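Since this is a predicted model, take the numbers as computed values, not measurements.
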Amino acid sequence: MRAETMNHKKRISFVLFFGLFLSLFASCTSFTNQRTYREMKDESEVPDTAQRYQNIRQTEEQTKSITSKKNEANSSFSTQAQKLEAMKKRWSETLHLALPASPLFDFTTEKSRKIRVIAETDAIQSALEKGMDLESLLAIAIVRNPKLKAAKKQWEASLERYTQATGLDNILRQYQSFVDDLNLRSSQMRHKAPIMKRFPFPGTLALKGDIIDKEVALAKERFNIVLRDLITDIRVTYAALQYNIEQTKITGENLEILRQLEETAFVKYETSKANFSDVIKVQVRIAQLADDLLTLKDFRETLIAKLVQWLNFKHTWQLGPPRPVPLRDTSLSIQAIISSGRKHQQEIRIASLKIVKTNLAILLAEKRFYPDLTLGYSTLEAEKSGLPARLKKVETPFWFGKNDAYVREARLKYQALLQKRQVVEDKLVYTITNLVFQLSTAKRDVDLYQTSLLPLAQEAFEVAETEYLAGKVSFLDLLDAESTWLKYKLLYHKSIRNQNQSIARLEQTIGRRLP
């Protein structure tokens, strides 16, 4: 019993001793762990502060470098944009002049100015009812003609390409899409102004400006073609209208002469001094001229309708008789005219502008072998830390073959345009040669009829009339003399028309007024 009591006490003492040992071991372990954590904390805080300071300095240096590059790129872009704006302003000033400058006609005279003031009002109708002249018609046409207005709007529309070029590049420089994965678990990110802008490769914006400048110049030349053709159409139609008036007048005068001859033939027939066939012959001739007179009057309405169309008048408006214009000529040789045409013709200038534009397009395409410049970074800012998070953009490597097909196509078009310009120049030489021949022929005819044939034909008719009354010549001879005189008078005025139309078409071909 006593032995059991002793064993029980030993067990209790062992348990207490073992519990005390475990308690002391746990205390030592806890102390050791706490010391290790503090040491680890102390050790981690020191390098973290240094790394933090180093990151801040590195970020500031990169931000300064990026800002410098950004400012430099912005300055270059602004300079080019200002040049494009200056180009647009210069063209706009040319476009919005009070009247279009034309090398074919002078629209700055006092008479032209007064007509233009009332050209778009109904008062212009009363001004033309009493009579019309070429200068007034041209002054009205440049104000009222719809086709000319449309060409001017096309020219004006081309100016907006300057703004489109700078605007599109400016948009591409400011906006981007973030495609990188961001770790936002530490804190929220706030968007800041992006610095990963794209800047066109040096010279591309300037080339775009040069290309647009050529496009605007092309629009101007197309406007000049519309104005040139409008002036020529009016001049040619006006000359035809003048000829029609003279034809009508001469035909009417000869119709009266034939009626007098009819009375003479009838009197001689009644006195048995002539056959009734003479009366029949003159009556047939009278019927032919009367029909010709009606045809001429109807054709005049067609010519006036052409003028009404080009002047944009109401079809019910009436135009007075045309006043004569002086007969024009040129003292230039055919070689001088061809030389002037190669320099001033709008079609040749358009062909040359297309060649220059295509060459600029080739240069621009070759620059697109290189990617646009970028700083390569964008920034987001963490709300808690205040530090920027940099996003690195990886550029696609150069691929020098991506525009090869486009460049080859542009170079082939360039060669084609060179050939087309040669075709235009060859056509110019032929057209000028042909028109100079027509002009020379018309000049000789005018001189021939005026100085020789007309006086002789009139004299022959007067002699034949006298001899017929005296019974020395037949009535058929008298009619032949009258017909020849009428024909020469019509041919004389036709030669005047041909000369005026030839000089108008010649000036249209070379694109400017001949001295």
Side-chain angles (χ1 to χ4, degrees), residues 87 90-91 94-95 100-104 147-148 150-152 154-155 157-159 161-162 165 206-233 330 332-368 403-439 502-515:
M87 286 177 167
R90 173 174 55 83
W91 278 115
T94 303
L95 175 64
S102 172
L104 285 176
K147 189 175 182 180
L148 189 63
K152 191 171 184 179
Q154 291 288 345
W155 182 9
S158 66
L159 297 182
R161 296 179 184 177
Y162 288 108
L207 281 173
K208 289 179 183 179
D210 291 338
I211 291 174
I212 294 172
D213 194 60
K214 298 301 177 288
E215 290 176 350
V216 176
L218 284 169
K220 177 189 175 184
E221 293 301 331
R222 293 188 182 104
F223 169 82
N224 287 335
I225 286 178
V226 174
L227 177 59
R228 178 201 70 188
D229 293 346
L230 176 63
I231 292 173
T232 304
D233 288 339
T330 179
L332 294 180
S333 66
I334 186 171
Q335 294 301 326
I337 296 174
I338 291 174
S339 178
S340 179
R342 284 174 172 162
K343 182 178 180 181
H344 299 290
Q345 191 196 51
Q346 285 77 20
E347 284 80 1
I348 291 181
R349 298 177 74 170
I350 284 178
S352 299
L353 284 170
K354 285 182 178 180
I355 290 171
V356 175
K357 176 187 170 184
T358 304
N359 189 40
L360 291 171
I362 293 172
L363 294 176
L364 182 61
E366 289 174 346
K367 282 187 176 291
R368 287 177 179 170
N403 284 333
D404 276 355
Y406 175 78
V407 173
R408 288 196 301 270
E409 178 187 7
R411 286 173 178 164
L412 290 173
K413 286 183 176 180
Y414 177 82
Q415 297 297 326
L417 288 172
L418 290 175
Q419 298 301 321
K420 286 182 178 180
R421 183 174 65 179
Q422 185 61 47
V423 171
V424 174
E425 291 182 356
D426 293 342
K427 183 179 179 181
L428 169 75
V429 174
Y430 164 74
T431 305
I432 289 177
T433 304
N434 185 39
L435 289 172
V436 168
F437 165 74
Q438 295 179 18
L439 178 61
S502 295
I503 199 75
R505 291 194 173 101
L506 190 57
E507 290 178 341
Q508 177 190 29
T509 301
I510 66 173
R512 67 184 298 106
R513 192 175 181 87
L514 288 168

* D213: partners by side-chain contact (heavy atoms from CB on, under 4.5 Å), with sequence neighbours left out -> M87, R90, W91, Y162

* Asked: Atom NZ of K427 and atom OG1 of T509: how far apart are they, to the nearest 0.5 Å?
  -> 9.0 Å

* Asked: Is there a side-chain contact between K413 and E409 (heavy atoms, below 4.5 Å)?
  -> yes

* Structure fact -> Exactly one of I212, D210, I355 clears side chain to side chain contact (heavy atoms under 4.5 Å, CB included) with L360, and that residue is D210

* Structure fact -> The salt bridge (Lys or Arg N to Asp or Glu O under 4.0 Å) partners of K343 (sequence neighbours excluded) come to none

* To do: Indicate yes or no: at least one non-hydrogen side-chain atom of V429 is less than 4.5 angstrom from one of R342.
  => yes

* **Residues that S340 engages under side chain to side chain donor-acceptor pair (under 3.5 Å), provided they are two or more places apart** => none

* To do: Apply side chain to side chain donor-acceptor pair (under 3.5 Å) to R228 and list each qualifying residue two or more places apart in sequence or on a separate chain.
  => Q346, E347

* Compare all side-chain heavy atoms of I225 with those of I350 and state whether any distance is below 4.5 angstrom. => yes

* Starting at CD1 of I334, measure out to OG1 of T433 and round the result to the nearest 0.5 Å. => 4.0 Å

* Asked: Considering residues, nucleotides and ligands other than K214, do more than 12 of their heavy atoms fall under 6.0 Å from its NZ?
  -> yes

* Sorted by first residue and then second, give each salt bridge (charged side-chain N to carboxylate O under 4.0 Å, His left out) pair with at least one member in residues 502-511; sequence neighbours left out. => R235-E507, R328-E507

* To do: For R513, check side chain to side chain donor-acceptor pair (under 3.5 Å) against everything at least two apart and list the hits.
  => none

* To do: List in chain and number order the residues that pass side chain to side chain donor-acceptor pair (under 3.5 Å) with K357, two or more places apart in sequence or in another chain; answer none if no residue qualifies.
  => E215

* Taking only residues two or more places apart in sequence, or in another chain, which ones meet Q422 in a side-chain contact (heavy atoms from CB on, under 4.5 Å)? -> E425, D426

* To the nearest 0.5 angstrom, please state how far the CG atom of L514 sits from the CD1 atom of I503. => 5.0 Å

* R222: salt bridge (Lys or Arg N to Asp or Glu O under 4.0 Å) partners, not counting sequence neighbours -> none

* **For A157, all residues meeting side-chain contact (heavy atoms from CB on, under 4.5 Å), sequence neighbours excluded** => none

* Asked: Looking at CG of L417 and CG of L353, how far apart are the two atoms once the value is rounded to the nearest 0.5 Å?
  -> 11.0 Å

* Asked: Can you tell if the side chain of E221 reaches within under 4.5 Å of the side chain of L218, non-hydrogen atoms only?
  -> no

* Asked: Counting only N and O atoms by type, is there a donor-acceptor contact under 3.5 Å from the side chain of T431 to the main-chain atoms of L428?
  -> no

* **Those residues that, when tested against K147, pass side-chain contact (heavy atoms from CB on, under 4.5 Å) (two or more places apart)** => N145, V226

